[in-house]
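Below is one structure, written out as structure tokens, with a few remarks after it.
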Amino acid sequence: MTIRSRVNRTFFLCVTCVCAIVCLLCFFTLYHVDHKKFSEATHAIISRGCSGISKTFRHCNEILKFHAESDELRELTDKISTYALASSVMAIEYDKLNDYEKQIYSSFSQTFKSHKAYASIFLITKDDNYLQYPEGIRSSALPDLRQRQWYKDLVNSDKTWVATNPYRSMFGSNAIGITSKFYNENGDFAGVIGATYRLDDLVDELESLTVLKTGYIVVYDRNGNIIVDGNSRINRTIHLEQPTSPFLKSIFNDERKSYRLKSDEGDMFIISQNINMLDWKVAVVFEYDEVTLDTFSLMQYIIIACILLFSILFFVIRKLGSEIVVPIERLSNISRIYNSNQNMP
């Protein structure tokens, strides 16, 4: 092999190695940065969503707190006397309420009309008396509401309010109950005030939300029942029941905040966060390709740029190599001629 061939081959290998190393460094750097930025951006999206949900129910609780601290409820002793017990028939007409009950009823009416998501506003005294707006909604006997788990959770703890698990309400919609304690003017526990909040509008809004190109939202209650499934057309989710899809079950049971998951649904990327005030879990699900799509798209341009750079360097180095090799070849030729002369007889 001639000196020129060896020099060209050496320069060629060096340039190839440099370009390959640059491409790999660019790829892993971009992948890490892009993956990190994608996760941060998605976490920001899901955090805003969780904050929005929390804000909705926090506002509801603030309204209940306003009622609980009102003079009408603080002055409550035995003034709710004409209304039926909560554990008996609960239908009563407005004109049968006494003046004190009408005052509370009117206040509940204003709150009820302030937001279309309210299904009812009610109070239960510690003596099991019950008042609700709107009237006449329920006409059948029900068990003592003080035996309900949400009532016990609230009364037997230092919590100021409790949110029930979502349930299918008698109003024909998915709902959640927000309940708060109220006290009499002596500071003694007097009962519970609450609101039934319809979830249908919230669920429809979240299920119709598309995050980026392929992302959708899934929301679970504390028992793992599905509240929101943005991909419900595929999963055929029955709301407020355990998911039938192993994929959705695995998301609820996995405590990681962000991870990649391969399943029958495909190669997916999940980011999740808990809403502590409701004990709900919110997850955003993406196709994993979307996480790396920008990285690979940009990497294509980097590879093309490296190929162009390699071509330019190859011709430049080949030209420079030729210039460098010329004196060496001349010296080699002279040395060869000299040695030939020395060997002549």
Side-chain angles (χ1 to χ4, degrees), residues 46-76 80 86 103-126 130-134 137 145-146 148-171 173-185 187-203 205-206 219-223 225 227-228 240 273-282:
I46 196 172
S47 294
R48 286 196 297 270
C50 291
S51 297
I53 296 172
S54 299
K55 185 178 180 180
T56 297
F57 294 107
R58 192 177 292 114
H59 175 69
C60 181
N61 182 51
E62 290 296 326
I63 292 176
L64 294 179
K65 183 178 178 182
F66 169 78
H67 284 292
E69 295 176 351
S70 66
D71 293 338
E72 291 87 352
L73 293 190
R74 286 192 175 278
E75 294 173 2
L76 176 67
I80 299 182
Q103 188 176 1
I104 297 177
Y105 193 82
S106 176
S107 179
F108 284 3
S109 171
Q110 293 177 13
T111 298
F112 179 84
K113 295 174 182 178
S114 68
H115 200 298
K116 66 177 183 178
Y118 288 123
S120 68
I121 311 290
F122 61 88
L123 68 82
I124 307 169
T125 71
K126 64 179 182 179
Y130 186 91
L131 184 63
Q132 173 187 293
Y133 182 91
I137 292 295
L145 294 180
R146 297 173 301 175
R148 296 293 176 88
Q149 190 59 48
W150 53 263
Y151 186 96
K152 294 178 179 180
D153 289 344
L154 181 61
V155 174
N156 298 328
S157 70
D158 57 356
K159 297 177 180 178
T160 57
W161 72 283
V162 164
T164 69
N165 251 354
Y167 60 94
R168 191 69 181 174
S169 75
M170 62 186 64
F171 304 102
S173 62
N174 294 333
I176 184 173
I178 307 294
T179 58
S180 180
K181 298 176 184 176
F182 69 91
Y183 301 85
N184 61 25
E185 55 190 358
D188 299 322
F189 172 73
V192 170
I193 182 173
T196 304
Y197 190 95
R198 293 188 181 94
L199 293 175
D200 292 348
D201 288 345
L202 177 64
V203 169
E205 179 182 352
L206 292 176
V219 181
Y220 305 84
D221 68 12
R222 66 189 65 146
N223 296 325
N225 297 319
I227 303 172
V228 175
L240 305 186
Q273 184 170 321
N274 295 327
I275 304 179
N276 294 326
M277 67 180 296
L278 297 172
D279 204 12
W280 289 2
K281 181 174 184 177
V282 180

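Heads up: numbering here begins at 1 and tracks the sequence.
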I need the [X] [atom1] to [Y] [atom2] distance, nearest 0.5 Å.
X	Y	atom1	atom2	value
Lys152	Gln149	NZ	CD	6.0 Å
Ile178	Thr164	CD1	OG1	6.5 Å
Cys50	Lys281	SG	NZ	11.5 Å
Glu62	Trp161	CD	CH2	10.0 Å
Lys126	Phe182	NZ	CZ	10.0 Å

Taking the side chain as every heavy atom from C-beta outward, state whether [X] and [Y] have any atom pair closer than 4.5 Å.
X	Y	result
Ile227	Ile176	no
Ile121	Ile63	no
Tyr197	His115	yes
Ile193	Phe66	no
Arg168	Asn174	yes
Tyr151	Thr179	no
Phe57	Ile275	no
Ser180	Asn61	yes

Between [X] and [Y] (side chain of the first, backbone of the second, donor and acceptor by atom type, cut-off under 3.5 Å), is there such a pair?
X	Y	result
Asp188	Asn184	no
Thr160	Lys181	no
Asp221	Asn223	yes

Item checked: Pairing of Asp201 and Lys116 as salt bridge, 4.0 angstrom limit ->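 Yes.
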
Identify the two heavy atoms, one from [X] and one from [Y], that lie closest to each other, and give their separation to 0.1 Å.
X	Y	result
Ser54	Met277	CB-SD, 3.3 Å
Trp280	Pro166	CZ2-CG, 3.8 Å
Ser70	His67	OG-O, 2.6 Å
Arg146	Thr125	CD-O, 4.1 Å

Check: Given Tyr133, which of Phe112, Phe108, Tyr118 fulfils the ring pair (Phe, Tyr, Trp, His ring centres under 6.0 Å) condition?
Finding: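 Only match with Tyr133 under ring pair (Phe, Tyr, Trp, His ring centres under 6.0 Å): Phe112.
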
